[in-house]
Number of protein chains: 2
Amino acid sequence: MTETASRPTLEAVAARAGVSRATVSRVVNGGDGVREPLVERVRRAVEELGYVPNQAARSLVTRRHDAVAVVIAEPETRVFADPFFALQLRGISKELTAHDNQLVLLLTEGRADHARVARYLAGGHVDGALVFSLHLDDPLPGLIQGAGVPTVFGGRPGWSDGTRDVVYVDSDNRGGAREAVRHLVGLGRTRVAHLTGPLDQTSAADRLEGFRDVRGDADPRLVVESDFTPGGGERAMRELLDRCPDVDAVFAANDLTASGALRVLREHGRRVPEDVAVVGFDDMLPVAEQTDPPLTTVRQDIEEMGRIMARLLLRGLDRGTTTTDDTPDASPSGVVLPTTLVRRASA
Amino acid sequence: MTETASRPTLEAVAARAGVSRATVSRVVNGGDGVREPLVERVRRAVEELGYVPNQAARSLVTRRHDAVAVVIAEPETRVFADPFFALQLRGISKELTAHDNQLVLLLTEGRADHARVARYLAGGHVDGALVFSLHLDDPLPGLIQGAGVPTVFGGRPGWSDGTRDVVYVDSDNRGGAREAVRHLVGLGRTRVAHLTGPLDQTSAADRLEGFRDVRGDADPRLVVESDFTPGGGERAMRELLDRCPDVDAVFAANDLTASGALRVLREHGRRVPEDVAVVGFDDMLPVAEQTDPPLTTVRQDIEEMGRIMARLLLRGLDRGTTTTDDTPDASPSGVVLPTTLVRRASA
DNA sequence: GACCCTCGCGAGAGCGCTCTCATCCCCCCT
DNA sequence: AGGGGGGATGAGAGCGCTCTCGCGAGGGTC
């Protein structure tokens, strides 16, 4: 029998403690400007009554919600096939929790949902938004900026017309890719190929850039477009082997692609890493450690990324109210997190 | 420059449409009992002003939030290494969205967070909760029931003292396990082993039960306890090979465990499925399809599970207010979803 | 010792909405 | 044609909280 009896209100606590509502409110919100004995008395009353503030009533007047929306645009199932978002969410959750904020999760499924999300954000239900938009042509970021809600993006938004400041957090995809390719080169490999991700995603585009930074002069046939999936990796690897049978190193845009490539390599009797060295990207644990041989890859600290996104948003919330914070010394609009090369057996 | 100008209120819409607040409210909430021309006029005013109801004000009086908490207790990192929750969340999100409910995500990290979650739920910030508790000794479910919030559990809660009705949704772990083992037996295998999951989780315990249903009389050495991880699978498989070198079939409690077992089998020169047939559980795509050979496994529809959980909760919310709904014809307290065997190459 | 300033506390107004009532109008029934 | 009923609309209270003010008490200064 769960009590339908209504929860105690501020009023009730005030009555019990023999003080005014205002004083209880002060104590509940930090207790500044209230003398110790009173604070104590109120605390006890709160305790005894099991009082919990009514967030709706509070929000109504403060216009604060202590809630942040996390928007994950998920055009593809792939997104959910890897633990990327889960880790990111964990980081976000930790940071939010530490600052007493709630996490409202908004998953979008196609265009129809965009309007819904935009309306929700515009409705002022949350204090800010953390948005993951992976595609260059995604209209969502624009809509969200239009909603006038402080926002931090996860991953560099492809869309950047320069007219607005965009705050984002991203891994150093380009630098990581460079490191991966340099490692391959350092191994003495001369025919280094790259299996890209879908190039309409900034992460994939940036990794390709990194590859080009080191091997800009490479045979263009050594770059094969793929799609971040194992199946795509297989296809791309087949094509690569077909085009350039003499390839001796492969930098795959992510671990899943690498796993597909590995399979095809084995199938073709190429030894890894002896004949062909392979490096992945992400360090997706269940994949990278399970491949045969275990994958050398570029690790990014995904959880930390989430944490920093949340931190940035919360910090922005504290000072300004809008995204376009125009203090000249405003925090950098893009935070890029370092990556590290994890050496296993494949390269 | 995002407008700090306050959003239009009901009052403003009423003024513009030349009607009373009450009428606008009626229109906004469905328009019943308002004549067509008026409805039209109000709709237009809403449109022109870009009015969005203030949820806080609304909740304050209705005591409804149109929000549901999803609580994921995450004692282990493992939980996040597989896409299980992501899929579940997706299903939940879809259903919630379809009913205009928001999803508040509560991730817990250890005991300290339990109190936080309990307080939050007790605080009446959400209308109900969807809870994933995986461990037998988890105190969270109890706390949550204490909070007096309508709740649906994901997975059969180990804890069940029988004093309360518990609504939960689960896969047919036991039946799926039976099917897997029968498949192995049907292949003519006689020395069928089981690598269990952590037995303090009901899913693992249920799968073991399923195994026993078919092979209750099996040599006890054929059951090796493991932990749902690839590493654990390797260890368990080694031990199994050590104990029973003549084993000719393995039912692993999940795909990750199977992948570890597969590796050890290969290492020991056993051919799969010729020498040893292997079946997993979960049909975790990035894993099950990537193993060598591809894994025969038991699939559960995880997304559907999430959807059903949400549906159950929402339905309960509509009629009663408490968990302990005492209508005699109440919906079943446990919904068990079917599983299907997916045949690939490993068995 | 009188003055002023400060600090602690209480009173009261309202945040934007819903919902109950009372009112009013129109239509139907006799 | 008059009365009654019912449905459509408006008025107003109040949900639980915060926050501004004002008042009173205490301490410092000369």
Side-chain angles (χ1 to χ4, degrees), chain A residues 4-43 45-46 49-67 100 122-127 321, chain B residues 4-43 45-46 49-67 100 119-120 122-127 321:
Chain A
T4 311
S6 57
R7 326 213 140 272
T9 69
L10 243 207
E11 191 84 50
V13 177
R16 176 153 198 135
V19 298
S20 72
R21 271 195 339 269
T23 298
V24 178
S25 176
R26 279 187 270 259
V27 171
V28 170
N29 292 292
D32 300 329
V34 180
R35 248 182 303 239
E36 196 44 47
L38 261 201
V39 170
E40 197 42 50
R41 198 132 54 90
V42 172
R43 287 251 162 78
V46 165
L49 262 31
Y51 170 74
V52 182
N54 179 319
Q55 182 64 36
R58 181 181 277 177
S59 295
L60 185 55
V61 21
T62 59
R63 273 113 203 304
R64 258 203 151 256
H65 300 83
D66 296 318
D100 270 316
H125 300 289
V126 291
D127 300 327
T321 315
Chain B
T4 310
S6 56
R7 323 211 141 274
T9 70
L10 242 208
E11 190 84 50
V13 177
R16 176 155 199 132
V19 298
S20 73
R21 272 197 335 271
T23 297
V24 178
S25 176
R26 279 187 272 258
V27 172
V28 169
N29 293 292
D32 299 329
V34 179
R35 249 182 302 239
E36 195 45 46
L38 261 202
V39 171
E40 197 42 51
R41 199 132 54 91
V42 171
R43 286 253 163 78
V46 165
L49 261 31
Y51 170 74
V52 181
N54 179 320
Q55 182 62 36
R58 180 180 278 177
S59 295
L60 184 55
V61 21
T62 60
R63 272 115 203 305
R64 257 206 153 256
H65 300 84
D66 295 318
D100 270 317
R119 269 197 46 238
Y120 182 76
H125 300 290
V126 291
D127 301 327
T321 316

_Which residue lies more 5' along DNA chain D, comparing B/Gly18 with A/Val52 via nearest heavy atoms_ = B/Gly18
Selection from [options] that lies nearest to any side-chain heavy atom of [X]:
| X | options | answer |
| --- | --- | --- |
| B/Ala22 | D/dT18, D/dG10, D/dT20 | D/dG10 |
| A/Val19 | C/dT18, C/dG10, D/dC17 | C/dG10 |
| B/Arg63 | D/dT18, D/dC15, D/dA11 | D/dC15 |
| B/Leu10 | C/dT18, D/dT9, C/dC9 | C/dT18 |
| B/Val61 | D/dC15, D/dA13, D/dT18 | D/dC15 |
| A/Arg21 | C/dG16, D/dT18, C/dC9 | D/dT18 |
| A/Asn29 | D/dC17, C/dT18, D/dT18 | D/dT18 |
| A/Leu60 | C/dT18, C/dC17, D/dG16 | D/dG16 |
| A/Arg26 | C/dG16, C/dT20, C/dG10 | C/dG10 |

d([atom1], [X]; [atom2], [N]) in whole Å:
| X | N | atom1 | atom2 | value |
| --- | --- | --- | --- | --- |
| B/His125 | D/dG16 | NE2 | P | 14 Å |
| B/Glu11 | D/dA11 | CD | C1' | 12 Å |
| B/Glu36 | D/dT9 | CD | C1' | 16 Å |
| A/Arg64 | D/dC19 | CZ | C1' | 16 Å |
| A/Arg58 | C/dG16 | CZ | P | 18 Å |
| B/Asn54 | D/dC15 | CG | C1' | 13 Å |
| B/Asp32 | D/dA8 | CG | C1' | 13 Å |
| B/Arg41 | D/dA8 | CZ | P | 16 Å |

*Would you say the side chain of B/Asn29 lies within less than 4.5 Å of the side chain of B/Arg58, judging by non-hydrogen atoms?*
yes
*Are A/Val27 and A/Val34 side-chain neighbours, meaning at least one heavy-atom pair lies under 4.5 Å?*
yes
*Could you tell me whether a side-chain N or O of A/Asp127 sits under 3.5 Å from a main-chain N or O of A/Arg64, the two making a donor and an acceptor?*
no
*Do B/Ser25 side-chain atoms and B/Arg21 backbone N/O form a donor-acceptor pair below 3.5 Å?*
no
*Assign each of B/Arg35 and B/Pro53 to its nearest nucleotide of DNA chain C by heavy atoms, then name whichever residue's nucleotide is nearer the 5' end.*
B/Pro53
*For atom CZ of B/Arg119, is the number of surrounding heavy atoms from other residues, nucleotides or ligands below 6.0 Å larger than 12?*
no
*C/dC9 phosphate, OP1 or OP2: any side-chain N/O from A/Thr23 under 4.0 angstrom?*
no
*N/O (side chain, B/Ser20) to phosphate O (OP1/OP2, D/dG10) under 4.0 Å*: yes
*Search all heavy atoms of B/Pro8 against all heavy atoms of B/Leu49 and return the closest pair with its distance.*
CG-O, 3.3 Å
